[in-house]
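This report concerns only the one structure given below.
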Amino acid sequence: MLRVKDDELTVFRDTPEPPSLAESLSDDDLPLDPELLQELCAGGAFDDHNLPWLSDTDDAPFLDSVLRKRAVKVKHVKRREKKSDKKKDDKYKRHKQKQRHKDKAKHSERLENRDYSSLRQCLGPSCVQPARANSKYCSDDCGMKLAANRIYEILPQRIQQWQQNPCVAEEQGKKLLERIRREQQQARTKLQEMERRFHELEALISKAKQQQIREDEETNDGDSDDTDLQIFCVSCGHPINPKVALRHMERCYAKYESQTSFGSMYPTRIEGATRLFCDVYNPQSKTYCKRLQVLCPEHSRDPKVPADEVCGCPITKDVFELTGEFCRVPKRKCNRHYCWEKLRRAEVDLERVRVWYKLDELFEQERNVRMAMTNRAGLLALMLHQTIQHDPVTTDLRTHTER
């Protein structure tokens, strides 16, 4: 029995001890998961105090050493990759700088080795310098000197040719200027006439207001007793009585007209003109109203008519012939001559505005003709254009029909 026990003990002693778990697992045998190691390293899982899942104290040193080795390996690999990327960027930058330096050196060598004999000489007067690239001159001063010499050489001859040969366009321009001046004189004459009519109308209106009211004419206001007859308004389309048609249409038109505005950025400045445009400034649109002042429904209202004011409209015969008499019906009850002063004033003012527009157009035409005549005999036109006269006897190159 003792021998058996001793043999068993010797066998047990001779058998090699199994390697420990920490020694049996090498670094190469352990699987490597870089993402898992990166998360563990970032979260501080390898700290001694952040291992709550290690319940056994004997296992903790083994796992701690193995995982720390793996984390150190991952960090070294990342550092090597970063260093390699930085080295590549530095090499690329150094290569670029060297390439630029080589290009500059080559360019300077080309400039030094350039053969100036192949370059074009400057066209400036008495200049022997080579011309600039894509230019005929070495500097701007040479170009200006050559241009001045050309003008001094060519211009006197062209002026002499211009004075010898008659210019057809010049003659036509003179005739056009004469016609424009005649039309301007006619427009001024008409404008003076319209100003005279304006003052005559104001005198007529003041005279009509001095008339006395007649009671007999007040009863004859209505022309017909037919109350069933109706007409339609031209603005709103509603049926109305013919007796109050003028009054209704005038008010309806003013109401619709006030919904739109006619403006300009500049006020009207016409010397000697009175009561033309409204010219009321609108701060929202920053414009001046350009309606006629007497017809503007937006900025002018009809004055309140007193009860004892006479109508005063001049009575005519055959539509246009004045009889010298006035309507003596009270103004409030007269439906036949509603707002006759405003309409007469608007008629005269409208004619005045048309004449002013005609004058403005004629002034613009005169300015254009004068500018064309000035440019026709200018320096640039004389230098660029020339009329060659082959027959020295014939000075007028036009045909007989064109003359």
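Hydrogens, waters and symmetry mates play no part in the numbers below; they use all other heavy atoms, side chains included. Note that the numbering runs from 1 along the sequence shown for the chain.
- D360 places no side-chain N or O within donor-acceptor distance of the main-chain N or O of W356, the cut-off being under 3.5 Å.
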Evaluation steps, side chain to side chain donor-acceptor pair (under 3.5 Å), between E366 and Q184
CA-CA 10 Å; E366 183 182 5; Q184 288 179 355; 2.9 Å; yes

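- The structure places CZ of F262 at 12.5 Å from SG of C278, a figure rounded to the nearest 0.5 Å.
- Under the 3.5 Å distance criterion, the side-chain polar atoms of S264 are left unmatched by any main-chain donor or acceptor of Y288.
- At distances below 3.5 Å, at least one donor-acceptor pair connects side-chain atoms of S206 with backbone N or O atoms of A203.
- Here CE of M194 is found 8.5 Å from CG of L191. Values are rounded to the nearest 0.5 Å.
- Shortest non-hydrogen contact noted between Y137 and G124 is CD2-N, 4.0 Å.
- With respect to the salt-bridge test (charged N to carboxylate O, under 4.0 angstrom), the residues R345 and E341 do not qualify.
- Salt bridge present: E257 and R291 bring a charged side-chain N and a carboxylate O closer than 4.0 Å.
- One distance of note links CD1 of I180 with CD of E364; it measures 10.5 Å at 0.5 Å rounding.
- Annotation for I231 and P242: closest pair CD1-CA, 4.4 Å, computed over non-hydrogen atoms.
- Between E178 and K174, none of the side-chain N atoms (NZ, or NE/NH1/NH2) sits under 4.0 Å from a carboxylate O, so this pair counts as no salt bridge.
- Considering only heavy atoms from C-beta on, R352 comes within 4.5 Å of L276 through its side chain.
- Note that the SG atom of C339 and the NZ atom of K331 stand 7.5 Å from one another [nearest 0.5 Å].
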Are T268 and K290 close enough, and set up right, to give a side chain to side chain donor-acceptor pair (under 3.5 Å), and what steps lead you there?
CA-CA 8 Å; T268 304; K290 291 304 172 184; 2.5 Å; yes

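- Across every non-hydrogen atom of L292 and A346, the tightest pair is CD1-O, 4.0 Å.
- One finds a salt bridge joining E250 and K342 here, because a Lys/Arg side-chain nitrogen approaches an Asp/Glu carboxylate oxygen to under 4.0 Å.
- Side-chain atoms of E170 and W162, non-hydrogen and from C-beta on, do get closer than 4.5 Å to each other.
- Not one N or O on the side chain of R120 forms a donor-acceptor pair closer than 3.5 Å with the backbone of A131.
- In summary, E202 and R275 engage in a salt bridge, as defined by a charged side-chain N under 4.0 Å from a carboxylate O.
- A salt bridge links E351 to R354: one of the charged nitrogens lies within less than 4.0 Å of a carboxylate oxygen.
- Interatomic distance, CG of L359 versus CZ of R188, reported as 6.0 Å (0.5 Å rounding).
- For the atom pair CD of Q121 and SG of C138, the computed distance is 9.5 Å after rounding to the nearest 0.5 Å.
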